[in-house]
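What you are looking at is a predicted structure, and each value in this text was computed from that prediction instead of being measured. When a residue number appears, it is its place in the shown sequence, counting from 1.
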Amino acid sequence: MRSVKSFIAAGAATLLSQAALAADMAIAPPPYAPAPVVEDFGGWYLRGDIGFSNQRVKDVHYGRESAYSQLTSFQQQSAFDTAGIFGVGVGYRINNWFRADVTGQYRGNANFKATDRFTGTAGGVAYNGIDNYGGSKSEWLVMANAYVDLGTWWCITPFIGAGVGGARVTISNFTDTGTNSLPFTTTSFASAPAGSKWNFAWAAHAGLAYSVNPNLVLELAYSYVNLGEGQTGILSDFNGVTTNNVFKFKDITSHDLKLGVRWNLESPQVYAPPPVVRKG
């Protein structure tokens, strides 16, 4: 009889312990998982740009400096027409605020006009004159650029940047038509074949980028570009007479406005789920 009672007591104790365990599991907290962690991948991208230039030149002058020694006054006005800009490049985004790329641009033919007005003396005789210049200019520009992205609001990211590289400046179709009053009114004409020159170039950039989707970004950008110098081929008159001199274009700069597109080649940002962790 005692053994039956002992068996019943052991069974009851076992049932009670199982019920308590089941109740404890029923009220246990759900698995805990911290917030997803964003992994910010760097990545390669391709880019393309189109735009237009607004160019200036500091000075256009004849290669033989002694030609200006008799002048008592000199004034020059010059201007370039707007020209198209076409560029491609490849770059790498290092993180969400810094990226760099290498770009190549063809800067189309910009028509050039300039006028010199001057006075001078020769043999004690005063004279005055005018020279009208015409021609066109184009460039190939290769640059290494770095940019800082300043934050993103509503998919819009302002950025600033700078670049250094080389510019191959070509001056074409140059003409010089002059009139002066020494010793009496005369007219002259000279022309020069195309001439090209490689220079160190640098630029400063600023703009806005708009993320269409994780892979496609549009840009509206401004660049100030210093293209260095340019020069014509050897100048000669209409009879073919030459003094083996050229015309030099000093300190060519441009205010560029461009519309660009960047296509990201790498995977966009992803959310990496952490391992499940239980409390208790």
Do His255 and Tyr222 meet the criterion of a side-chain donor-acceptor pair at a distance under 3.5 Å?
yes
Verify the cluster assignment for Leu259 and Val261: are they in a single hydrophobic cluster under the rule of side-chain heavy atoms below 4.5 Å apart?
no
To the nearest 0.5 angstrom, please state how far the CG atom of Asp256 sits from the CG atom of Asn54.
8.5 Å
Evaluate the side-chain proximity of Leu235 to Asn245: yes if any heavy-atom separation is below 4.5 Å, no if none is.
no
Closest approach of Val217 to Ala209 (non-hydrogen atoms, all atoms of both residues)
CG1-CB, 3.8 Å
Residue pair Trp263 / Trp44, side-chain heavy-atom distance below 4.5 Å
no
Between Thr170 and Ser138, do the side chains contain a donor N or O and an acceptor N or O under 3.5 Å apart?
no
Identify the two heavy atoms, one from Thr121 and one from Tyr127, that lie closest to each other, and give their separation to 0.1 Å.
N-CE2, 3.5 Å
Verify, without hydrogens or angle tests, whether Asn264 (side chain) and Glu266 (backbone) share a donor-acceptor contact under 3.5 angstrom.
no
Please check if atom NZ in Lys197 has more than 12 non-hydrogen atoms from other residues, nucleotides or ligands closer than 6.0 Å.
yes
Spell out, as yes or no, whether a donor-acceptor pair under 3.5 Å connects the side chain of Asp176 to the backbone of Ala190.
no
Is there a path of hydrophobic side-chain contacts, each under 4.5 Å between heavy atoms, that joins Ile171 and Trp198?
no
Looking at OG of Ser196 and CH2 of Trp140, how far apart are the two atoms once the value is rounded to the nearest 0.5 Å?
12.0 Å
Side-chain donor-acceptor pair under 3.5 Å between Thr157 and Asp149, yes or no?
no
CA sep, side-chain torsions, deciding dist, call: Trp202, Tyr224, ring pair (Phe, Tyr, Trp, His ring centres under 6.0 Å):
CA-CA 8 Å; Trp202 61 270; Tyr224 175 82; 5.7 Å; yes
Got a second to check how far Arg56's CZ is from Thr253's OG1, nearest 0.5 Å?
7.5 Å
When you measure from the centre of the six-membered ring of Phe80, is the NZ or CZ of Lys137 closer than 6.0 Å and no more than 45° off the axis?
yes
For this output row, return yes or no: ring centroids of Tyr45 and Tyr92 closer than 6.0 angstrom.
no
Do the charged groups of Glu229 and Lys248 touch, with an N to O distance under 4.0 Å?
no
Leu71 vs Thr119 side-chain heavy atoms within contact, under 4.5 Å
no
On a heavy-atom basis, the closest approach of Met143 and Gly165 is CE-N, 3.8 Å
Asp101 versus Asn145, side-chain donor and acceptor atoms under 3.5 Å
yes
Keeping the roles fixed (side chain from Asn239, backbone from Val241), state whether a donor-acceptor pair exists under 3.5 Å.
no
Flag yes if Val148 and Ile94 sit in one hydrophobic cluster, no otherwise; membership is Ile, Leu, Val, Met, Phe, Trp, Tyr, and two members link when side-chain heavy atoms are under 4.5 Å apart.
yes
Heavy-atom pair of closest approach, residues Ala83 and Ala110:
CB-CB, 3.7 Å
Would you confirm whether Thr232, through its side chain, and Phe247, through its main-chain N or O, come within 3.5 Å as a donor-acceptor pair?
yes
Think Arg107 forms a cation-pi with Phe86, using NZ or CZ under 6.0 Å from the six-ring centre and within 45 degrees of its axis?
no
Applying side-chain hydrogen bond (donor to acceptor under 3.5 Å, both in side chains) to Asn132 and Thr177, what does each step give before you reach the verdict?
CA-CA 5 Å; Asn132 291 308; Thr177 302; over 6 Å; no
Min side-chain heavy-atom separation Tyr68-His61 under 4.5 Å:
yes
Could you tell me whether the side chains of Asp116 and Tyr133 share a donor-acceptor contact shorter than 3.5 Å?
yes
Regarding Thr243 and Tyr62, is there a side-chain donor-to-acceptor distance under 3.5 Å anywhere?
yes
Return yes if some donor-acceptor pair links the side-chain N/O of Thr242 with the main-chain N/O of Asn244 below 3.5 Å, else return no.
yes
Centroid-to-centroid, Tyr147 to His205, below 6.0 Å?
yes
Without swapping roles, check the side chain of Asn199 against the backbone of Ala201 for a donor-acceptor pair under 3.5 Å.
no
Under 4.5 Å between side-chain heavy atoms, hopping through other hydrophobics if needed: is there a path connecting Tyr106 to Leu257?
no
State, with a plain yes or no, whether a side-chain heavy atom of Ile85 is found less than 4.5 Å away from one of Asp49.
no
Measuring only between side-chain heavy atoms, which start at C-beta, is Leu141 closer than 4.5 Å to Arg168?
no
Treat each ILVMFWY residue as a node, draw an edge where side-chain heavy atoms are under 4.5 Å apart, and state whether Val246 and Phe112 are in one component.
no
What's the separation between atom OG in Ser136 and atom CG in Asp81, rounded to the nearest 0.5 Å?
10.5 Å
First locate atom CG of Leu150, then atom CZ of Phe159, and finally report the distance between them rounded to the nearest 0.5 Å.
9.5 Å
Would you say that Trp154 contacts Tyr210 through its side chain, given a criterion of any heavy-atom pair below 4.5 Å between the two side chains?
no
Taking the side chain as everything from C-beta on, heavy atoms only, tell me whether Asp131 gets closer than 4.5 Å to Phe118.
yes
Any donor-acceptor N or O pair under 3.5 Å, side chains Asp251, Asn226
yes
Once rounded to the nearest 0.5 Å, what's the spacing between atom CD of Gln105 and atom OG of Ser53?
9.5 Å
Do the side chain of Glu219 and the main chain of Arg262 share a donor and acceptor less than 3.5 angstrom apart?
no
